[in-house]
J.: 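The following block contains the structure, expressed as structure tokens.
If you're wondering where the values come from, they're calculated on a predicted model, not measured in any experiment. In what follows, every heavy atom counts, from backbone to side chain, and hydrogens, waters and symmetry copies are set aside.
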Amino acid sequence: MNSIKIIFISFLYFREDGMQNLEAFQTKADPYFKKYGIEILHQYQPVSKGQIGVNQNIIEQPDMIQIFTAESMANFQSYMADEAVKKLAEIRNAGLRKMNVSFGTEIQTTDIITASAKNALHGIALVNFKDSLGYNQLIEFNQKGQSSGLFSKYGIHAENFVKIMKSMPAIGELDYQQPELIVIFGVDDASKMKEYIADSNYQKIAPIRDHALSSYHFFMCK
């Protein structure tokens, strides 16, 4: 596991001027990011939240969702143990009232991964399944959506599937159930979503996914 690239999904809740604290930390910590193989891939601003199924998404909407990688778990542990990094992290932490982190490994699903448009909305979905077959049913839904042309018709893109190893509170308390999977997807044009959901092809294949879910809570982000 130490040699496998790890993906982190961090949910950040700012105090006043917290964004400036985060930017100051990232600027000062950049040499340590490079030293330990840490790369920030995306920083998303959530604009809404929702769910698939009857269980309401009661997770507090974060101010930012940050996606970053580490070359290995060993590298990340060395980064976290570095006394200089610990000191710099105080700058970031002073601007946060809460930070929750989930991390795991990327699942290779290249047949259904496509790139979103430059200004697409992005969804970050926390997924739990009813049983061990649930993941395969989720993938089957995406394969059918991709191969049928449904996704391309409405600008829907599966971007990442991250199998979660652990979720933990870095600051404050963890306010969500640890997901089995975090899915990152793109929506090129949000105005087409109602048509997408009403499409007969979507209605035909959606139960493949939906019947497998214990919970599916998501945030839509800029």
J.: So does Lys144 have more than 12 non-hydrogen atoms from other groups sitting under 6.0 Å from NZ?
T.: no

J.: Between the side chains of Tyr36 and Asp82, is a donor N or O closer than 3.5 angstrom to an acceptor N or O?
T.: yes

J.: So do the side chains of Gln77 and Met80 get within less than 4.5 Å of each other, counting heavy atoms only?
T.: no

J.: Counting only heavy atoms from other residues, nucleotides and ligands, does the tally under 6.0 Å from NZ of Lys130 exceed 12?
T.: yes

J.: Test of understanding: clusters of I, L, V, M, F, W, Y form through side-chain heavy atoms closer than 4.5 Å, transitively. Do Phe151 and Ile184 belong to the same one?
T.: no

J.: What pairs of donor and acceptor atoms, side-chain ones from residues 10-24 against any protein atom, are under 3.5 angstrom apart with sequence neighbours left out?
T.:
from: Tyr13; atom 1: OH; to: Glu60; atom 2: O; distance (Å): 2.7
from: Arg15; atom 1: NE; to: Leu96; atom 2: O; distance (Å): 3.1
from: Asn21; atom 1: ND2; to: Ile91; atom 2: O; distance (Å): 2.9

J.: What pairs meet the ring-ring contact (aromatic ring centres under 6.0 Å, His included) rule with one or both residues in residues 152-172, with sequence neighbours excluded?
T.: Tyr154-Tyr196

J.: Between Ser116 and Glu159, do the side chains contain a donor N or O and an acceptor N or O under 3.5 Å apart?
T.: yes

J.: Could you list the residues that satisfy salt bridge (charged side-chain N to carboxylate O under 4.0 Å, His left out) with Asp199, not counting sequence neighbours?
T.: Lys153

J.: So, do Phe33 and Glu39 sit near enough that their side-chain heavy atoms are less than 4.5 Å apart?
T.: no

J.: Could you grab the distance from atom CG of Asp30 to atom NZ of Lys34, nearest 0.5 Å is fine?
T.: 3.0 Å

J.: Rounded to the nearest 0.5 Å, what separation is found between the CD atom of Gln61 and the CE atom of Met220?
T.: 11.5 Å

J.: Do the side chains of Val162 and Tyr216 join up, straight or via other hydrophobic residues, at under 4.5 Å, putting them in one cluster?
T.: no

J.: Around atom NZ of Lys194, are there more than 12 heavy atoms of other residues, nucleotides or ligands at under 6.0 Å?
T.: no

J.: Could you check whether any side-chain heavy atom of Ile164 comes within less than 4.5 Å of a side-chain heavy atom of Gln178, counting everything from C-beta outward?
T.: yes

J.: Consider only side-chain N and O atoms of Ser215 and Asn55, and report whether a donor and an acceptor are under 3.5 Å apart.
T.: no

J.: Enter the distance from Met99:CE to Ile171:CD1 here, rounded to the nearest 0.5 Å.
T.: 4.5 Å

J.: To the closest 0.5 Å, what do you measure between CG (Asn100) and OH (Tyr176)?
T.: 5.0 Å

J.: Side chains of Asn75 and Ser78 only: does a donor on one sit below 3.5 Å from an acceptor on the other?
T.: no

J.: Do side-chain atoms of Lys222 reach the backbone of Leu121 as a donor and acceptor pair under 3.5 angstrom?
T.: no

J.: For Ile52 and Asp210, run side-chain contact (heavy atoms from CB on, under 4.5 Å): C-alpha distance rounded to whole Å, both residues' side-chain angles, the deciding distance at 0.1 Å, then the answer.
T.: CA-CA 7 Å; Ile52 296 174; Asp210 297 354; 3.5 Å; yes

J.: Grouping I, L, V, M, F, W and Y whenever their side-chain heavy atoms are under 4.5 Å apart, do Leu126 and Ile7 come out in a common cluster?
T.: yes

J.: Is there a chain of hydrophobic side chains (I, L, V, M, F, W, Y, each step under 4.5 Å between heavy atoms) that links Val47 to Ile124?
T.: no

J.: Can you find a heavy atom in the side chain of Tyr135 that is under 4.5 Å from one in the side chain of Glu180?
T.: no

J.: Using distance alone, with no hydrogens and no angle criterion, decide if Asp111 and Gln143 have a side-chain donor and acceptor under 3.5 Å apart.
T.: yes

J.: Between Lys192 and Glu195, does at least one N-O distance fall below 4.0 Å, as a salt bridge requires?
T.: no

J.: With Glu106, which of Asn160, Ile113, Ile4 fulfils side-chain contact (heavy atoms from CB on, under 4.5 Å)?
T.: Asn160

J.: Nearest 0.5 Å, what's the NZ-CG distance between Lys98 and Asp63?
T.: 10.0 Å

